[in-house]
Amino acid sequence: MAEIRTRFAPSPTGYLHLGGLRTALYAYLFAKKNGGKFILRIEDTDQEREVPGAVDLIYHSMREAGLTYDEGPDVGGDFGPYIQTQRRDLYLPYAMQLIETGAAYPCFCTKEELQQRRDAATARGEQFKYDKHCLHLSKEETKKRMESGESYVIRQNVPLTGTASFEDALFGHVEVPCDTLDDNVLIKADGLPTYNFANVVDDHLMGITHVMRGTEYISSTPKYNLLYEALGWPTPTYIHLPVVMKDATRKLSKRYGDPSFEDLLAQGYVKEAVINFIALLGWCPKEEREFYTLPELVEAFDLDGLSKSPSIFNMDKLVWFNSEYIKKMPFEDYLTMVTPWFDKALAGKQMDYRRLAELMHTRTEVFDRVPDMVRFLAELPEYEVDIYTHKKMKTDPAISLQALQLARPALEKLDNFGEEPLKECLMALAAENGMKNGQMMWPVRIAISGQLNTPGGATEIAYLLGKEETLCRIDAGIAKLEA
RNA sequence: GGCUCCAUGGUCAAGCGGUUAAGACGUCGCCCUCUCAAGGCGAAAUCAGGGGUUCGAUUCCCCUUGGAGCUGCCA
């Protein structure tokens with residue numbers, strides 16, 4: 001059996017979006033699972049839409065994701081070049097061959113003319129379809145106009161009757177009536193091929209055996225098969241992948257401000273978590289399991305786990321995956337990763353980062369949420385007195401004031417400001433004064449943190465703050481409660 | 001509008017003619033607890049509707065409905 005070759009063929013129009021990443025991931029997994037090759041090809045035939053730097057962004061994202069390709073623009077290979085504009089001269093001969101056999105024809109209609117006719121058709125409430133006007137030009141006239149340097153395109157000559165079809169490994173047989181198909185442009189006036197043509201030619205020339213791409217291509221694939229047939233080439237196996245949605249009706253897209261892969265990494269998502277989550281979005285493994293490393297995904301991947309319907313990108317679940325990955329991370333790794341996020345809120349403060357990291361490790365869902373969670377350590381936030389009142393802790397402003405007034409001198413006398421001594425001190429104080437633990441701990445924690453929820457209890461916070469700052473904040477609390 | 005595709009809880013989804021219709025996220029309880037998390041236990045929640053086929057449909061077929069994609073000298 002021939003070696004399996006799949007490819008990921010993005011256009012350099014910006015960052016790598018999550019739908020694209022998933023398509024790339026599946027193509028990678030399928031190739032690797034079957035001992036085949038995974039290829040990266042840059043489809044930059046639309047010069048107008050190209051965004052400078054986008055190609056490098058794609059390389060970068062692919063590396064970050066761990067999707068190493070066996071062949072590609074920056075790694076080479078036997079089927080290069082892997083950038084379509086660098087292959088520009090390759091396409092025309094095939095187009096000419098198509099013209100010879102009648103499967104294509106030159107067209108001299110200008111964009112403007114076409115647009116007018118399209119608009120007119122729309123105004124009449126009709127669907128515009130190219131009328132094969134230039135197909136009926138005489139050979140002589142065509143030849144003369146081409147040689148005179150007149151601008152022209154080459155169009156696919158789709159039959160007016162019959163049907164075109166293809167077999168999809170996921171969707172099965174897909175067939176469309178030819179009369180609903182338009183004569184697409186194969187070679188543009190600038191000499192570059194359109195996606196419709198470049199794709200067919202390159203997939204064939206590069207020996208791609210399995211074409212994996214989004215379902216947006218499903219309706220034009222029958223037309224591509226017509227091209228393969230006309231060229232006498234074997235068709236690849238098609239596997240169209242459903243799109244990733246933002247919600248029930250909208251596709252995930254940068255236009256709506258949805259994050260790209262790089263955005264997620266910048267926000268503090270762990271790349272392994274993103275890959276893991278993406279993999280399970282539209283594909284389900286055979287076994288009852290949800291945590292997979294990339295190599296494990298390769299091992300587990302199979303086509304019949306693929307879903308046919310679009311799936312909604314569930315941010316909540318990504319967050320959950322991310323927090324799970326963070327929790328499983330060795331502590332030292334976590335400390336390294338979280339340190340810059342601590343710095344954002346605590347820069348310049350003397351703080352036991354290691355202890356803070358211990359407290360934060362199971363509380364971190366996404367790294368960019370860390371600064372807001374620890375900022376109170378740098379500066380006591382403004383807070384309302386009513387947060388001293390907590391029903392379950394049985395506290396109110398009066399009890400809180402009493403607790404703080406008791407705690408203040410006791411803590412001042414405490415030489416060892418470690419968590420254990422702090423705890424013993426405050427607990428003992430509560431017991432001596434007939435208070436419940438919560439009636440002592442809650443007010444102290446509120447006074448020294450100024451907020452309802454904190455990553456750690458009163459003693460941990462007091463330790464992190466240190467004696468001086470703790471006493472200072474308790475004083476502020478007392479003043480606030482007395483006011 | 002035309003063509004194509006899709007349809008199990010709020011979301012991701014298992015299921016591939018006979019099941020108490022898995023599991024996960026989220027939600028809601030309870031436990032633990034110096035707050036919040038984490039952890040443990042538990043609960044609610046799904047086969048879009050209508051026709052067939054069949055002894056029997058979530059599962060196969062048709063229609064309706066809903067959604068998506070395509071309908072560019074974009075990919």
Side-chain angles (χ1 to χ4, degrees), chain A residues 9-11 13 43-46 48-49 107 109-111 114-115 118 125-129 151-155 168 171-172 174-177 179-182 184-190 192-196 198-199 213-222 240 242-243 245 247-251 277 280-286 288-290 304-305 307-321 323 327 359-365 373 387 390 392-393 422-423 426-427 430 436-442 444-446 449 451-461:
Chain A
S11 307
T13 52
E43 308 223 332
D44 60 345
T45 57
D46 185 354
E48 285 174 29
R49 286 210 316 154
C107 170
C109 299
T110 66
K111 249 184 197 174
L114 257 17
Q115 192 52 51
R118 206 184 307 275
E126 291 169 14
Q127 173 57 44
F128 175 77
K129 190 181 157 191
S151 175
Y152 69 96
V153 302
I154 296 175
R155 284 183 184 276
D168 190 284
F171 292 94
V174 178
E175 185 171 281
V176 341
D179 61 6
T180 64
L181 266 21
D182 206 352
N184 284 141
V185 169
L186 265 22
I187 301 282
K188 300 184 278 188
D190 65 3
L192 282 168
T194 58
Y195 171 87
N196 303 315
N199 209 260
R213 51 154 66 132
T215 48
E216 60 266 33
Y217 296 105
I218 221 169
S219 49
S220 40
T221 300
H240 286 92
V243 295
M245 309 288 286
D247 55 39
T249 59
R250 287 179 299 171
K251 207 168 142 178
F277 170 66
L280 264 24
L281 201 62
W283 173 76
C284 186
K286 287 262 186 295
E288 179 72 38
R289 170 181 170 187
E290 54 193 349
D304 47 54
S307 167
K308 288 203 250 188
S309 41
S311 36
I312 298 172
F313 190 92
N314 183 189
M315 225 4 139
D316 283 343
K317 185 133 189 189
L318 204 215
V319 168
W320 176 79
F321 259 112
S323 66
K327 270 178 282 191
L359 294 168
M360 287 292 292
H361 199 168
T362 61
R363 289 171 233 253
T364 306
E365 292 183 308
M373 292 172 75
I387 64 172
H390 190 279
K392 202 175 157 204
M393 294 297 115
L422 276 163
K423 185 173 178 183
L426 292 173
M427 295 286 204
K436 298 185 67 92
N437 288 340
Q439 290 177 313
M440 176 58 67
M441 299 309 225
W442 179 273
V444 171
R445 195 182 57 83
I446 293 298
S449 70
Q451 57 192 37
L452 240 24
N453 302 326
T454 50
T459 59
E460 284 103 350
I461 306 299

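Quantities reported herein were computed from a predicted structural model and do not represent experimental measurements. Sequence lines set the chain letters: A, B, ... in the order given, protein chains first and strands last, and positions in each chain run from 1.
The CG atom of A:Asp168 sits 10 Å away from the P atom of B:C6 (whole-angstrom rounding). Separating the CG atom of A:Asn196 from the C1' atom of B:C70 is a distance of 11 Å, rounded to the nearest angstrom. One atom, CD1 of A:Ile218, and another, P of B:C70, lie 12 Å apart when rounded to the nearest Å. A:Leu181 has its CG atom 14 Å from the C1' atom of B:G72, to the nearest Å. Between A:Leu452 atom CG and B:A37 atom C1' the separation is 14 Å, expressed in whole Å. The CD1-P distance, from A:Ile312 to B:G26, rounds to 17 Å in whole Å. In this structure, A:Phe128 places its CZ atom 15 Å from C1' of B:G2, rounding to the nearest Å.
At the heavy-atom level, A:Met440 lies nowhere under 4.0 Å from the strands shown. Contacts of A:Phe313 with the nucleic acid, taken as non-hydrogen atoms under 4.0 Å apart, are absent. Among the heavy atoms of the strands lying under 4.0 Å from A:Thr45 are primed sugar atoms or P, OP1, OP2 only; no base atom is included. If you check every strand for non-hydrogen atoms under 4.0 Å, A:Thr180 touches sugar and phosphate atoms only. Within the nucleic acid shown, A:Asn437 has no heavy atom closer than 4.0 Å to any nucleic acid atom. Note on A:Val153: a base of the nucleic acid sits closer than 4.0 angstrom, heavy atoms only.
For the P atoms, the distance from B:G2 to B:G23 is 44 Å, rounded to whole Å. Straight-line distance between the P atoms of B:C36 and B:G18: roughly 48 Å, to the nearest whole Å.
Base pairing of B:U54 is not made with any nucleotide, judged by Watson-Crick or G-U wobble geometry with both donor-acceptor distances under 3.5 Å. B:U19 is unpaired under the criterion used here, namely a Watson-Crick or G-U wobble arrangement in which both key atom distances are under 3.5 Å. Taking a pair to require two hydrogen-bonding distances under 3.5 Å in either a Watson-Crick or a G-U wobble arrangement, B:A68 pairs with B:U4. Nucleotide B:A43 has B:U27 as its partner under the Watson-Crick or G-U criteria, with both atom distances under 3.5 Å.
Using a 4.0 Å cut-off, some side-chain N or O of A:Ser311 falls inside it from OP1 or OP2 of B:A13. Put simply, A:Arg289 has no side-chain N or O that comes within less than 4.0 Å of OP1 or OP2 on B:G23. The phosphate of B:G69 has neither OP1 nor OP2 within less than 4.0 Å of any side-chain N or O from A:Arg213.
Of the candidates B:C6, B:U4, B:U35, B:C6 carries the atom nearest the A:Lys308 side chain, counting heavy atoms from C-beta on. Comparing B:C36, B:A13, B:A75 by their nearest atom to the side chain of A:Arg49 picks out B:A75. Candidate nucleotides B:G72, B:C73, B:G39 were compared by shortest atom distance to the side chain of A:Lys327, and B:G39 ranks first. Closest to the A:Glu216 side chain, of the nucleotides B:U35, B:A38, B:G69, is B:G69. Taking only side-chain atoms of A:Asn314, from C-beta outward, the nucleotide of B:A68, B:C25, B:A75 with the closest atom is B:C25. Comparing B:A7, B:C12, B:C73 by their nearest atom to the side chain of A:Leu281 picks out B:C12. Closest to the side chain of A:Pro310, out of B:C6, B:A24, B:G72, is B:C6. Taking every side-chain heavy atom of A:Trp320 into account, B:A24 is the closest of B:U11, B:A24, B:C3. Listed nucleotides: B:U35, B:A14, B:C73. Nearest to the side chain of A:Cys284: B:A14. The side chain of A:Val176 sits closest to B:U4 out of B:C25, B:U4, B:C70.
For A:Gln127 against B:G1, a side-chain N or O and a base N or O form a donor-acceptor pair under 3.5 Å. The base of B:C34 is paired with the side chain of A:Thr459 by a donor and an acceptor separated by under 3.5 Å.
No hydrogens or angles considered: nothing links the side chains of A:Arg49 and A:Ser11 as a donor-acceptor pair under 3.5 Å.
In terms of modelled atom types and a separation under 3.5 Å, the side chain of A:Asn184 and the main chain of A:Asn196 share no donor-acceptor contact.
Ring geometry for A:Tyr217 versus A:Tyr195: interplanar angle under 30°, hence parallel rather than tilted (30 to 60°).
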Between A:Asp182 and A:Arg155, does a salt bridge (charged side-chain N to carboxylate O under 4.0 Å, His left out) hold up when you go through it step by step?
-> CA-CA 9 Å; A:Asp182 206 352; A:Arg155 284 183 184 276; 5.2 Å; no

